[in-house]
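Everything numeric in this text was worked out from a predicted model, so none of it was measured. Just the heavy atoms: all of them, side chains too, but no hydrogens, waters or symmetry mates, feed the values below.
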Amino acid sequence: MYRVQSMSAAVLATVVSCAVAYERPNIVMFLADDIGWSDFGYFGYDLKVDNYSATPTIDYLAEQGVKLACVYGGTACTPGRAAFLTGRYPMRTGLQGGAIKATQKKGIFMNMSLVSDEMKQAGYATAMVGKWHVGCAAWEQTPIYRGFDTFYGFIANGQMDFLSKMNDNYYDLYKDADYETDESALSQDVRVSWLYDAHAEDFIRSQTNDKPWFLYYAFQDPHTPLSSPEYFLEQEPCASMTDSTRQVYCGMMRCIDTSVEGVMAAVSESGFLDNTLVIFAGDNGGAPKNGGYNWPLRGSKGTLFEGGIRQASFAWGAMLSDTVRGTTYHGALHLVDFYPTFLSIATGGHWVPPEGEILDGVDNWDAISTGASSARQETLLNAYGDSGGIRVGDYVLLYNCKSDDWYAPPGSYSTNSNGVSVADTSKLISDYLQENGFPTPDAAYGVAGAGNDMEAEKNDDNGNGGYMLFDLATDPYEYTDLSSTYPDLVTELADLLNVYISEQVDSSYDSDKYNDASSMAAATGYWGPWLGQCLPDSPNCNANVAENADKK
């Protein structure tokens, strides 16, 4: 069983003594929601027109830092966020199946120490803004009781209206451990993204050089409901887009970039620029039906193909070596790796997990900061019921997974002499791919379509119970299934995958929906904790929320 224990006094004393010689950096973790792998301006698709980019700040930071081309996440919002916060694959907590609901008790197990808990134990001030979505039935499941000194955002649902701050007629906006009731904040004239920015910037400006700090900024953008300020839609590159969904998505990317710009301005103005590490990643791949694209990677949100789980990511900071600045790193990383990586950075390499804590993540700071080989030997893509996927080396094995296609961004098509819409190669092959070690994609695989739904990786009706094998070294876009060519390798990888499948916590655990949650929302006007509104010191809470990490 996993047990939460405080960092030992001996280890903490070592950290403090080493801090005299080792200046511990501040850390900002940006986590975007449903962002497509190729949806940064620097990719050169439709999100950049001439000199106008939807993400100019992000482009600059990525170019000055190191682009991380292969960071794996979850198949949906909850799994990806749980992976980062726990340092464990979502199948360890029964969260591998998709987004959890406000009416469920489900969430990260209470006896797991989160990255925020450990950063706080290491002497960091901790803050979170934005989307939680990993458990809210009891107050003790919420951010302020899980290692964050301060919190501003929404906790119960996977989305809420950006202006009304509501989901199904009830609010879902919190400040620390209380409802946000300020009329100006709840005004429909104020986009919630700007509230997150204000609280993130205030946190940074309130810090001093006496204590390092950690900020987790979990965007809702560009997740549904699709919404953008009109002034972004009237500016390039969004203004030139003819596809209305993609145009609004472009505006939401502008919102993200504006938020990053504001945070970086606060970092600079507060004198922290030379000692702050910035990581940007996503929770899962883009959903073409909602405007997010992963082309030329195969797949969409909810699938185990590269486009469904590989994140658009980069690292920036003065502590990166000169050898990696301006480069693209192709080694395999996973969201679970940032937990031990951050703690290694925070303690000068002296952090050890609390007794009984077993992480799937590995410390990959050398890989990120110097370009060294990834410390990751194998990567579980997911284990969900009788389906799953695993990567070992450059080989990826998928089992019992629904197939998916390659979705090219709108505007990447032309009409041939027969009146047929075909992929326009000139619009699809970007300088970024050619200059950063990616082979030229086959435009014949650029199809129009909406992509699979968020839980498409597990489909008993369409999954044929068979295997698919891909060699990402020669076929990064997963065109060719090699399972019949290398049956022995399929067997070897299947044996590894089956171990994870056998170890998974049942995803149906604590999945019942309770009317008490809706009744509490109706009574208070807010989605959120509903188990008697109990606080962490109430024994009733502990008896009613997920506790047992070994539950199968």
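Side-chain contact between Leu163 and Val192 is absent, with no heavy atoms from C-beta onward closer than 4.5 Å. A 4.5 Å side-chain heavy-atom check between Asp46 and Pro237 finds every atom pair outside the cut-off.
When only modelled atom types and interatomic distance are considered, Asp176 and Thr150 share a side-chain donor-acceptor pair under 3.5 Å.
In this structure, Tyr170 has its ring center closer than 6.0 angstrom to the ring center of Trp527.
The aromatic rings of Phe43 and Tyr432 lie tilted to each other, with the angle between the two planes from 30° to 60°. Between Trp406 and Tyr479, the ring-plane angle classifies as tilted under the 30° and 60° cut-offs. Ring geometry, Phe214 versus Phe148: the interplanar angle falls under 30°, so the pair is classed parallel (tilted spans 30 to 60°).
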Lys301 vs Asn290, side chain to side chain contact (heavy atoms under 4.5 Å, CB included): CA-CA, chis, key distance, verdict: CA-CA 10 Å; Lys301 175 183 178 180; Asn290 298 328; over 6 Å; no
Pair Glu306-Tyr72, side-chain hydrogen bond (donor to acceptor under 3.5 Å, both in side chains): steps then yes or no: CA-CA 8 Å; Glu306 294 293 287; Tyr72 289 101; 2.8 Å; yes
Stepwise side-chain hydrogen bond (donor to acceptor under 3.5 Å, both in side chains) check, Asp39 with Tyr249: CA-CA 10 Å; Asp39 280 340; Tyr249 184 94; 2.8 Å; yes
Derivation and outcome, ring pair (Phe, Tyr, Trp, His ring centres under 6.0 Å), residues Tyr152 and Tyr174: CA-CA 6 Å; Tyr152 192 88; Tyr174 287 77; 9.7 Å; no
Side chain to side chain contact (heavy atoms under 4.5 Å, CB included) assessment of Lys175 paired with Phe151: CA-CA 6 Å; Lys175 183 176 182 180; Phe151 168 74; over 6 Å; no
From CA spacing to verdict: side chain to side chain contact (heavy atoms under 4.5 Å, CB included), Thr242, Gln247: CA-CA 7 Å; Thr242 57; Gln247 184 183 46; over 6 Å; no
Ser164 and Gln188: CA distance, side-chain angles, deciding distance, side-chain hydrogen bond (donor to acceptor under 3.5 Å, both in side chains) verdict: CA-CA 5 Å; Ser164 72; Gln188 296 210 34; 5.4 Å; no
Side chain to side chain contact (heavy atoms under 4.5 Å, CB included) between Ser374 and Leu333, intermediate numbers included: CA-CA 7 Å; Ser374 173; Leu333 308 171; 4.1 Å; yes
side-chain hydrogen bond (donor to acceptor under 3.5 Å, both in side chains) assessment of Tyr217 paired with Asp197: CA-CA 9 Å; Tyr217 193 139; Asp197 293 351; 2.4 Å; yes
Worked check of ring pair (Phe, Tyr, Trp, His ring centres under 6.0 Å) between Tyr89 and His334: CA-CA 9 Å; Tyr89 295 131; His334 195 287; 5.3 Å; yes
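In terms of modelled atom types and a separation under 3.5 Å, the side chain of Asp394 and the main chain of Ala473 share no donor-acceptor contact. Remark: side-chain polar atoms of Arg325 are not paired, donor with acceptor, to backbone N or O of Val66 under 3.5 angstrom. A donor-acceptor pair is defined here as one N or O able to donate and one able to accept, closer than 3.5 Å; such a pair exists between the side chain of Thr327 and the backbone of Val324.
Annotation: the span from Glu261 atom CD to Arg254 atom CZ amounts to 8.0 Å, rounded to 0.5 Å.
In summary, Asp59 and Lys67 do not engage in a salt bridge, as defined by a charged side-chain N under 4.0 Å from a carboxylate O. Looking at Asp283 and Arg81, a side-chain N of the basic residue comes within less than 4.0 Å of a carboxylate O on the acidic one, giving a salt bridge. The pair Arg298-Asp404 does not count as a salt bridge, with every side-chain nitrogen at least 4.0 angstrom from each carboxylate oxygen. Using a cutoff of 4.0 Å between basic side-chain nitrogens and carboxylate oxygens, Asp117 and Lys120 are not scored as salt-bridged. Arg376 and Asp337 are joined by a salt bridge, as a carboxylate oxygen and a charged side-chain nitrogen come within less than 4.0 angstrom of each other.
Checking each of Tyr477, Trp37, Trp295 against Phe438 for a ring pair (Phe, Tyr, Trp, His ring centres under 6.0 Å) leaves exactly one that passes, namely Trp37.
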